[in-house]
Amino acid sequence: MSNKLSPLIQPEELVQLQNSADIILIDARAGINAQENYQNEHLKGARYVDLNRDLATVEKDPANGGRHPLPSLEKFSEVLSKIGISPNSHVIIYDDKNGSNAAARFWWMLKAIGHQKVQVLNGGLQEAIKAGFPVSAEIEHFNSAEYKVSQWKLAVADIEEVEKARNNTENIVIDVRDKNRFDGLTEPLDLIAGHIPGAINVPFSENLNEDGFYKSATILSEKYKAVLGTINPENVIVHCGSGVTACHTLLAMDYAGIEIPKLYVGSWSEWSRNDREMATKKTD
């Protein structure tokens with residue numbers, strides 16, 4: 001029996017840990033008013049991370065790495081140290097979008113530097129409140145820590161690798177955006193609608209049940225084993241619009257007991273701005 005820590009923690013489990021000094025709770029809500037929303041109400045004790053400021057280095061031109069490129073290792077080390085995370089910390093992350101906002105991205109980034117004790121709150125902020133976890137509008141005080149980061153240990157793919165993989169029968173490129181975006185019927189965030197030719201569409205929303213919780217590990221295992229077939233996870237590349245919601249699917253696969261595939265961080269936001277071949281439902 002594996003002693004591996006589950007990538008998900010249930011709201012009831014979090015409530016039981018609310019008075020534990022061993023956990024560091026992180027609010028990773030994203031969006032225009034995310035920090036203001038955090039200041040108005042957050043889970044008691046939670047510290048805030050900002051997607052654009054802390055979990056990415058946003059460039060002026062998304063053609064260079066997409067809308068949310070990874071920060072440098074030095075910058076990420078500074079972020080972790082500033083918010084009091086050390087290599088031994090038990091980190092629990094939540095957002096208000098069932099992990100698809102920035103919670104799963106922060107989870108992936110911590111896993112990618114080799115951090116062991118990190119989980120995402122299943123169901124997010126709303127379910128924790130329903131379960132009885134206290135909320136607060138107070139300024140949270142905490143000590144800084146030291147976290148030296150040396151390398152990204154999880155695999156990432158760049159645009160050239162995706163180009164080679166998309167028509168290779170030994171690879172799978174998975175696009176986790178919703179079907180309308182994949183089909184090119186709508187595009188709310190990037191300049192051009194469509195998808196990478198050769199990619200398959202497996203929307204991240206399919207990882208969740210009707211109640212907004214992740215489906216069971218058994219169901220997710222069956223699902224993704226069917227998607228991958230005989231392809232080894234190391235030959236699978238997962239992407240979305242800007243390398244954020246793709247992490248929701250990487251978490252789901254880890255939860256299902258499947259090796260975490262490669263993340264294409266630049267995703268559609270980079271691909272669609274680099275004069276690469278593009279497709280819609282009509283051109284496939």
Side-chain angles (χ1 to χ4, degrees), residues 2 4 7 63-66 68-70 100 104-105 107-109 111-114 151-179 181-184 190 192-207 214-215 217-284:
S2 174
K4 177 185 172 183
N64 301 317
H68 293 107
L70 290 175
S100 65
R105 165 74 170 233
W107 168 86
W108 181 90
M109 290 173 68
K111 293 289 288 186
I113 62 170
Q151 63 177 315
W152 299 112
K153 297 180 180 180
L154 290 183
V156 295
D158 61 19
I159 194 170
E160 298 301 334
E161 185 172 354
V162 176
E163 181 67 74
K164 294 176 182 178
R166 67 185 184 87
N167 288 320
N168 189 331
T169 56
E170 296 181 358
N171 295 90
I172 298 176
V173 178
I174 298 175
D175 186 327
V176 310
R177 296 174 301 158
D178 68 66
K179 188 174 185 300
R181 289 181 73 186
F182 181 85
D183 288 343
D190 291 309
I192 301 172
H195 62 264
I196 299 170
I200 62 171
N201 186 214
V202 187
F204 77 89
S205 57
E206 294 179 358
N207 297 326
Y214 275 82
K215 293 175 181 176
T218 300
I219 291 174
L220 291 171
S221 176
E222 292 173 353
K223 173 185 177 65
Y224 285 107
K225 284 180 178 178
V227 170
L228 271 53
T230 60
I231 303 298
N232 192 302
E234 68 183 19
N235 293 327
V236 177
I237 299 171
V238 181
H239 74 282
C240 53
S242 69
V244 177
T245 53
C247 297
H248 191 278
T249 288
L250 297 178
L251 189 155
M253 296 174 82
D254 185 54
Y255 183 49
I258 297 170
E259 180 184 347
I260 299 173
K262 293 179 180 178
L263 171 65
Y264 173 31
V265 181
S267 290
W268 180 248
S269 58
E270 179 183 49
W271 183 275
S272 61
R273 290 172 168 88
N274 275 276
D275 298 320
R276 300 283 173 158
E277 185 180 349
M278 291 176 270
T280 65
K281 184 179 181 180
K282 295 180 181 179
T283 59
D284 276 348

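Predicted, not measured: the structure shown is a model, and the values here were computed from it.
- Using a 4.5 Å cut-off on side-chain heavy atoms (C-beta onward), Leu263 and Leu154 make no contact.
- Rounding to the nearest 0.5 Å gives a distance of 6.5 Å between NZ of Lys225 and CD1 of Ile258.
- Relative ring orientation between Tyr214 and His248 is described as parallel, the plane-to-plane angle staying below 30° on a 0-90° scale split at 30° and 60°.
- Remark: side-chain polar atoms of Arg105 are not paired, donor with acceptor, to backbone N or O of Cys247 under 3.5 angstrom.
- For the atom pair CG (Asp158) and CD1 (Ile237), the distance works out to 8.5 Å, reported to the nearest 0.5 Å.
- Under the side-chain contact (heavy atoms from CB on, under 4.5 Å) rule, Trp108 has a single partner from Leu251, Leu250, Val244, Asp254, which is Leu250.
- The backbone N or O of Lys164 sits nowhere less than 3.5 Å from a side-chain atom of Asn168 that would complete a donor-acceptor pair.
- Under a 3.5 Å cut-off, the side chain of Asn274 and the backbone N or O of Arg276 do not form any donor-acceptor pair.
- A pairwise comparison of heavy atoms in Gly194 and Thr280 identifies CA-CG2, 4.2 Å as the closest pair.
- Looking at every heavy atom in both residues, Lys281 comes nearest to His195 through N-CE1, 4.3 Å.
- Counting only heavy atoms from C-beta outward, the side chains of Glu259 and Val236 never approach each other to under 4.5 Å.
- The nearest pair of heavy atoms linking Leu228 to Pro233 is CD2-CG, 3.9 Å.
- Checked against ring-ring contact (aromatic ring centres under 6.0 Å, His included), Tyr264 has no partners two or more places apart in sequence or in another chain.
- Residues Val202 and Ile200 form a side-chain contact, since some pair of their non-hydrogen atoms from C-beta on lies under 4.5 Å apart.
- Here Ile260 contributes atom CD1 and Met253 contributes atom CE; the two are 9.5 Å apart, rounded to the nearest 0.5 Å.
- A donor-acceptor pair is defined here as one N or O able to donate and one able to accept, closer than 3.5 Å; such a pair exists between the side chain of Ser267 and the backbone of Cys240.
- Summarising the geometry, atom CZ belonging to Phe182 is positioned 9.5 Å from atom CH2 belonging to Trp268; distances are rounded to the nearest 0.5 Å.
- Between Ser242 and His68, the closest heavy-atom pair is OG-ND1, 2.7 Å.
- Between atom OG of residue Ser269 and atom CD1 of residue Ile192 there is a gap of 12.0 Å, rounded to the nearest 0.5 Å.
- In this structure, Asn201 and Val176 approach most closely via the heavy-atom pair ND2-C, 4.5 Å.
- No donor-acceptor distance shorter than 3.5 angstrom exists from the side chain of Asn232 to the backbone of Asn235, with no hydrogens or angles considered.
- Dense packing is recorded around CD of Gln151, with more than 12 heavy atoms of other residues, nucleotides or ligands lying under 6.0 Å away.
- The CD1 atom of Ile219 sits 11.0 Å away from atom NZ of Lys223, with the distance rounded to the nearest 0.5 Å.
- Counting all heavy atoms, side chain and backbone alike, Pro69 lies closest to Asn64 at CG-O, 4.0 Å.
- When the ring-ring contact (aromatic ring centres under 6.0 Å, His included) test is applied to His239, no partner is found at least two apart in sequence or on another chain.
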Worked check of salt bridge (Lys or Arg N to Asp or Glu O under 4.0 Å) between Asp175 and Arg166: CA-CA 11 Å; Asp175 186 327; Arg166 67 185 184 87; over 6 Å; no
